[in-house]
Amino acid sequence: MTIDEGYIKYDSQWTKGPAVEEGLAAELERCRAPLYKAGLVGEYAELGIGFGNISKRCPGDNRFVITATQTGNLPRTTADHYALVTAFDIERNSVTSEGPLQASSEAMTHAAIYALDENIGAIVHVHSKPAWCRYLNELPTTSPNIAYGTPAMAREFARLYVETDFSRDGVAVMAGHEEGLISIGASLDEASARIMALDIT
């Protein structure tokens with residue numbers, strides 16, 4: 001397996017700042033915990049590389065709170081393990097964030113998906129080799145030639161949203177990001193439930 005995970009590929013405009021609000025962090029952790037327990041969020045221990053992340057849109061705009069980079073290994077997250085993405089530019093491959101740690105390497109992909117529809121309230125990105133193999137090209141699937149965290153991946157999700165059932169069913173497979181799947185929902189509960197409903201064995 002080729003690991004292409006955990007490395008920030010966009011221009012990160014990060015300002016170290018305060019942690020997110022405790023209640024929001026608790027809500028994110030409540031949805032992350034079952035994903036971690038199921039092995040859908042975690043770490044490739046032999047490589048020391050974390051995988052999997054979740055985010056929630058801020059009401060009324062395209063800002064969102066997302067897991068900070070390289071936190072997949074943590075059994076439990078706190079407010080210090082999330083970043084607020086305040087702006088992004090897909091064509092310039094730039095993400096602006098603030099918080100104790102930098103935003104996830106997947107922040108560009110999350111940003112692009114939020115920009116597709118104001119009704120998308122949360123996004124979950126996980127890794128599962130069994131589910132990835134089972135659902136590859138069965139569920140809406142990105143091109144195998146497109147890597148995560150890039151403007152090309154951002155544009156690819158825009159294509160899936162228009163041309164496939166991704167907008168309706170809310171789950172897609174990332175063919176060019178081995179083991180990667182992503183789900184969307186109006187809420188964190190809906191986005192995570194769509195992932196947990198998959199056959200991951």
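Reckoned from all heavy atoms, side chains included, excluding hydrogens, waters and symmetry mates.
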- Same hydrophobic cluster for Met153 and Ile123, using side-chain heavy-atom links shorter than 4.5 Å among ILVMFWY? yes

For [X] against [Y], the heavy-atom pair lying closest together:
| X | Y | result |
| --- | --- | --- |
| Ala115 | Phe88 | CB-CZ, 4.0 Å |
| Met108 | Asp89 | CE-O, 3.7 Å |
| Glu98 | Thr86 | OE1-CG2, 3.9 Å |

Is the shortest heavy-atom distance from the side chain of [X] to the side chain of [Y] under 4.5 Å?
| X | Y | result |
| --- | --- | --- |
| Glu43 | Gln70 | no |
| Asn53 | His110 | yes |
| Ser183 | Val171 | yes |
| Glu29 | Thr78 | no |
| Ile90 | Pro151 | yes |

Residues in side chain to side chain contact (heavy atoms under 4.5 Å, CB included) with [X], at least two apart?
| X | value |
| --- | --- |
| Ala25 | Val20, Ala79, Tyr82 |
| Arg168 | Asp165 |
| Asp61 | Cys58, Arg63 |
| Glu190 | Ala186, Ser187, Arg194 |

- Query: For Phe157, which residues count as a ring-ring contact (aromatic ring centres under 6.0 Å, His included) partner, sequence neighbours excluded?
  - Reply: Phe166

With sequence neighbours excluded, what pairs up with [X] under the side-chain hydrogen bond (donor to acceptor under 3.5 Å, both in side chains) test?
| X | answer |
| --- | --- |
| Glu91 | Arg155 |
| Asp80 | none |
| Glu163 | Arg159 |
| Tyr36 | none |

- List the steps and the verdict of side-chain contact (heavy atoms from CB on, under 4.5 Å) for Glu179 and Phe51. CA-CA 10 Å; Glu179 300 190 7; Phe51 61 84; 5.9 Å; no

- Item | Pairs meeting criterion salt bridge (charged side-chain N to carboxylate O under 4.0 Å, His left out) with involvement of residues 13-24, two or more places apart |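 The answer is none; no pair qualifies.
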
- residues 132-145 vs salt bridge (charged side-chain N to carboxylate O under 4.0 Å, His left out), sequence neighbours excluded, gives Arg134-Asp199

- Query: Is there a side-chain hydrogen bond (donor to acceptor under 3.5 Å, both in side chains) between Glu156 and Thr142 once you walk through the steps?
  - Reply: CA-CA 6 Å; Glu156 181 70 350; Thr142 63; 5.2 Å; no

- Message: Suppose the criterion is ring pair (Phe, Tyr, Trp, His ring centres under 6.0 Å): which pairs have a residue in residues 178-201, not counting sequence neighbours?
- Response: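 Qualifying pairs, neighbours excluded: none.
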
- Item | From Leu40 atom CG to Leu181 atom CG, the distance as rounded to the nearest 0.5 Å | 8.5 Å

